[in-house]
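Worksheet: one structure, shown below.
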Amino acid sequence: MKNVEVAIEQGGAAAAETFQPRIVGFLCTWCSYAGADQAGSCQLEYPANVSIVRVMCTGRIDPEFVLKAFRAGADGVLVLACHPGDCHYKEGNLRAAQRHAVLVRLLEQMGIERERCRFDYVSAGEGEKYAQVISEVVSSVAALGPLSINS
Amino acid sequence: MKTGVYFCNCGSNIAEKVDPERLREALERSGAEMAWFRTHPFLCSEEGKQFLEQELREEMPDRVVLAACSPREHEGTFRRVLAEAGMNPYLMQMVNLREQIAWVTADPEQAVAKAAAAVNGALRRVALHEPLEKSELEAAPEVLVVGAGPAGLKAALTLADAGRRVTLVEKSPVIGGLPVRYEELFPNLECGPCLLEPVMGELLHGDKAELVEILTLSEVSEVAGSFGNFLVKIRRRPRYVDPVQCIGCGECAAACPATLPNPYNGGMDERNAIDFAFTGGLPSVPYLDPSACTRFTAGSDCEACRAACPMGPELVVFEEQEEIVERRVGAVVLATGATLYDCSGFPNLGYGSCPDVKDALEFERLIASTGPTGGEVLTSAGKAPASVAIVHCVGSLDDAHRPYCSGICCSYAFKFNKILQERLPEAKIHHLYRQLVAPGKEEFRLQNSAREYAGAQFHRYDRLAELEVVVDGGQKLRLAGGELVDAELVVLCPALVPNPDAEKLAALLDLPLDGFGFFEELNGRIDATRSKLRGVYLAGTCQGPTDIRGAATQGAGACGALLSELVEGRTIELDPCIASVDAERCAGCRVCARVCPFRAIGFDAEQGTSEVNPVLCRGCGTCVAACPMKAIRGNHFTDAMIEAELEGVLA
Ligand SMILES: Cc1cc2nc3c(=O)[nH]c(=O)nc-3n(C[C@H](O)[C@H](O)[C@H](O)COP(=O)(O)OP(=O)(O)OC[C@H]3O[C@@H](n4cnc5c(N)ncnc54)[C@H](O)[C@@H]3O)c2cc1C
Ligand code: SF4
Ligand code: SF4
């Protein structure tokens with residue numbers, strides 16, 4: 001049931017030529033999801049490869065979710081948190097940052113490049129940064145090619 | 001399971017980029033489990049909401065997916081429509097087609113594909129949603145106010161005016177906070193006692209006085225529970241005088257043979273072991289200081305005060321013991337105020353070693369008619385000084401001490417200038433400053449008056465270390481350029497720093513302090529009357545420097561927030577989207593309690609398991625992700641829901 005992939009492949013000519021990575025983005029409600037909404041309000045165009053899963057706080061993100069995403073076919077995962085000190089829940093973003101640091105080491109041991117799992121901070125006012133991070137993560141994961149455990 | 005998908009065109013905002021027909025086809029092709037897919041031009045319009053409500057009533061879906069705009073915008077709106085239609089509002093999931101797809105994707109094909117993935121994720125997620133109910137909690141309407149300065153007084157009065165019972169806890173023997181020490185106030189040299197006394201009088205004897213319990217010489221010693229139900233223990237030190245029967249005549253003080261330096265006058269004069277804090281202090285009842293009374297210090301059998309009391313010897317109670325008072329309250333207002341930065345850390349300024357170097361609070365007493373000199377400005381030698389130096393910014397705007405501007409010091413320094421101008425018209429006044437500020441709509445008057453006064457000179461300095469108090473014949477002050485000026489009296493205006501007690505209270509309540517030790521606000525800009533702990537409100541200089549106007553306004557403001565959240569006769573509504581521990585699975589490791597940013601997780605020692613306090617939990621889910629036993633469930637964001645969405649968007 002690879003309908004989404006099919007749909008993407010059926011897309012524009014440019015899309016058919018180059019590899020289109022599939023990426024899952026975990027966003028916290030208060031900062032990064034709001035930043036994504038702001039990018040929308042400003043009508044900033046960015047690649048369509050990142051599907052968003054919203055959580056209340058990045059502290060909720062179990063490293064297991066990231067592993068599941070790779071297993072379910074993602075070529076990359078993006079976690080976006082509030083800037084340090086801005087977390088609506090005081091410090092969930094710091095937990096997320098700590099977990100990320102451990103997780104990328106584990107991923108590398110599993111043969112998954114650390115660039116496939118990006119952690120960054122986007123505030124509610126940083127629509128432009130959001131669009132830029134999306135573009136960057138899509139091109140860096142595209143450059144790595146499809147994730148081998150997926151094929 | 002019957003899931004209805006509703007697609008909102010949002011005029012042309014969404015439909016122009018994400019063609020609903022093509023989206024429906026893509027979803028059908030992929031075998032997505034949806035019972036129907038319907039569109040509407042504007043779901044959030046009145047007409048659109050009616051349409052949706054009617055649909056839900058007639059079609060009775062088990063679940064609903066709304067492919068529309070950001071849930072940040074309309075999740076609440078559509079949850080209410082579900083509730084109106086008799087459906088549990090949590091059985092719905094929104095897909096953000098507008099902000100995160102239609103408006104940001106150039107290619108319509110890719111937009112449809114991304115939308116199909118998102119709706120697919122939502123369909124799988126919503127299938128696992130569970131009906132949730134808001135729970136309710138009985139709450140105590142009573143309030144504890146800690147600190148009886150302008151902020152706490154105003155808070156207590158505001159609450160009493162609203163009919164609330166208040167326990168006002170004050171550490172010192174008198175109420176009023178720092179300003180009871182000042183006779184005249186900036187910005188307009190208003191009479192301080194005249195301004196404060198009506199407020200204090202109202203609390204002590206006004207119409208609402210029976211609603212306000214004032215506990216002086218008292219401190220909070222223990223706090224348990226949470227918003228709606230705090231159980232507070234208050235340690236009350238003995239006053240040794242019966243406050244109910246005492247008429248405040250002061251005969252006891254006149255008879256007492258023992259003395260000690262008077263702390264209210266900075267030790268510049270003496271008080272008797274039994275005495276008033278100062279003339280006019282309220283409540284107008286003396287207190288006995290056991291550190292000076294010979295019965296306590298030397299085991300004497302002195303009865304002078306007891307014998308002198310015209311109301312009877314039983315009014316002086318030497319046997320009185322410390323007691324613990326327990327109160328149950330729904331909320332707490334912290335108004336513990338501030339104090340002055342310790343000037344003895346600047347040896348070059350001579351504070352503590354030169355008797356004619358005073359801090360600003362001591363100087364306030366020196367100019368007060370109830371002070372040690374009866375309001376005459378005198379040096380330690382009992383002479384009117386011919387020169388006075390006022391040093392601004394002592395410890396403020398100084399990275400080595402306090403980097404912030406204390407905001408009020410220049411204003412009171414200009415007040416001192418005006419008072420000196422009147423009382424010592426011959427005296428030369430030197431202002432030493434790093435920055436001069438007088439914010440506010442009235443404060444400029446005293447500043448202008450000081451700047452225009454011929455007897456005043458202003459000298460800028462960069463670092464405090466450039467200044468030096470020299471005692472050479474008379475007292476002099478070395479200016480930044482090296483020049484020596486006469487300064488028979490030096491007044492230091494130190495940084496305003498949090499009361500040291502703030503730390504104790506913060507530990508009792510589990511409240512965060514900021515980098516300087518002030519209580520941290522929920523949000524320093526938009527939510528500055530609330531602390532980070534639900535049900536605890538902040539007012540006055542315990543949250544940062546401010547003047548009396550600011551402190552009193554914050555006291556009233558905190559009550560606005562408090563009264564809107566702790567409504568008498570109304571239960572506290574608890575959000576259902578919170579965490580809960582499955583005691584069967586919990587191993588008792590307490591990892592969850594360590595990571596919870598709101599200290600919402602307690603431990604049931606008997607069972608050896610953790611439990612979430614639903615009042616304190618804010619549903620961030622940090623504990624859910626941290627529990628090694630997977631024993632914690634995050635309502636509405638369960639592992640299964642998030643994973644289903646994840647698999648759905650990638651399918
Ligand atoms: C020298 C000087 C002159 C000033 N002159 C002026 C002026 O002219 N005009 C003006 O507008 N402002 C003036 N101010 C500022 C003014 O003093 C403050 O704005 C005001 O005191 C703040 O009120 P508050 O209620 O927040 O705190 P405070 O007045 O500090 O009161 C806090 C109260 O809480 C009590 N407390 C502390 N800890 C505890 C505890 N753990 N338990 C129970 N009780 C506790 C304290 O004993 C105190 O009574 C001056 C300040 C200084 C230093
Ligand atoms: S982390 Fe999990 S197992 Fe450990 S105490 Fe908390 S709920 Fe129990
Ligand atoms: S969900 Fe967040 S606030 Fe609630 S108990 Fe867990 S860590 Fe604490």
Side-chain angles (χ1 to χ4, degrees), chain A residues 1-12 14-15 20 22 24 26-30 33-34 36-65 68-69 72-74 87-92 95-96 99 131 134, chain B residues 22 26-27 29-32 69-73 94 96 98-118 120-121 125 512 523 532 577 595-598 618-627 630 634 636-637 639 642-643 645-651:
Chain A
M1 237 205 341
K2 297 250 164 180
N3 60 303
V4 179
E5 207 171 34
V6 173
I8 290 176
E9 279 166 9
Q10 286 170 343
Q20 289 291 333
R22 297 196 303 160
V24 174
F26 291 101
L27 269 53
C28 79
T29 294
W30 305 98
Y33 195 89
D37 280 356
Q38 204 215 31
S41 307
C42 301
Q43 316 237 337
L44 304 173
E45 267 169 26
Y46 54 79
N49 309 53
V50 185
S51 289
I52 299 309
V53 172
R54 181 176 68 95
V55 288
M56 294 312 288
C57 175
T58 46
R60 173 67 184 91
I61 301 168
D62 191 329
E64 192 63 31
F65 297 160
K68 283 232 162 82
C87 176
H88 187 79
Y89 304 101
K90 296 196 226 176
E91 53 194 26
R95 295 278 166 227
R99 286 180 193 145
I134 296 287
Chain B
R22 303 224 30 217
L27 287 165
R29 226 182 9 253
S30 73
C69 56
S70 174
R72 291 177 59 253
E73 183 144 343
M94 284 187 81
N96 189 345
R98 193 179 67 183
E99 280 84 349
Q100 296 188 8
I101 299 178
W103 280 345
V104 293
T105 311
D107 175 23
E109 293 294 333
Q110 290 188 4
V112 169
K114 187 175 172 187
N120 205 32
R125 184 192 211 277
N523 183 303
K532 295 220 160 165
C577 300
V595 300
C596 174
F598 300 99
R618 303 210 185 180
C620 67
T622 304
C623 61
V624 186
C627 173
K630 299 231 169 286
H636 209 58
F637 284 87
D639 285 353
I642 295 172
E643 287 168 9
E645 181 174 0
L646 190 63
E647 283 162 8
V649 299
L650 288 168

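Chain letters run A, B, ... following the sequence lines, proteins first and then strands; every chain starts at 1.
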A/R22 (side chain) donor-acceptor with B/L650 (main chain) under 3.5 angstrom: yes
B/K114 side chain vs A/A48 backbone, donor-acceptor pair below 3.5 Å: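 Pair absent, no side-chain N/O of B/K114 close to backbone of A/A48.
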Check each atom of [X] against the heavy atoms of chain B and say whether the ones under 4.5 Å are side chain, backbone, both or neither.
X	answer
A/L44	backbone
A/Y33	both
A/V53	both

Top contributor to chain A contacts, counting heavy-atom pairs under 4.5 Å, from [options]:
options	result
B/V624, B/N523, B/L646, B/V104	B/V104
B/C69, B/G634, B/G121, B/P71	B/P71
B/Q100, B/E645, B/E99	B/Q100

Non-neighbouring partners of A/R99 that pass salt bridge (Lys or Arg N to Asp or Glu O under 4.0 Å), sequence neighbours left out: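 None.
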Choice from A/A34, A/G92, A/S51, A/S41 maximising heavy atom contacts with chain B below 4.5 Å: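 Going by pairs under 4.5 Å, I would pick A/A34.
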For B/F598 against A/H88, the heavy-atom pair lying closest together: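 Minimum heavy-atom contact is CZ-O, 4.1 Å.
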Under 3.5 Å, side-chain donor or acceptor atoms of residues 54-63 of chain A against the rest of the protein: list the pairs with distances, not counting sequence neighbours.
unit_1 : atom_1 : unit_2 : atom_2 : d
A/R54  : NH1    : A/T29  : OG1    : 3.0
A/R60  : NE     : B/F637 : O      : 3.1
A/R60  : NH1    : B/D639 : OD1    : 3.4
A/R60  : NH2    : B/F637 : O      : 2.8
A/R60  : NH2    : B/D639 : OD1    : 2.7
A/D62  : OD1    : A/E64  : N      : 3.0
A/D62  : OD2    : B/K630 : NZ     : 2.6

Rounded distance (nearest 0.5 Å) linking atom SG of B/C596 with atom CZ of A/R95: 10.0 Å
Sub-4.5 Å side-chain heavy-atom contact between B/I642 and A/F65: yes
Proximity breakdown for B/A118 and chain A, heavy-atom pairs closer than 4.5 Å: neither
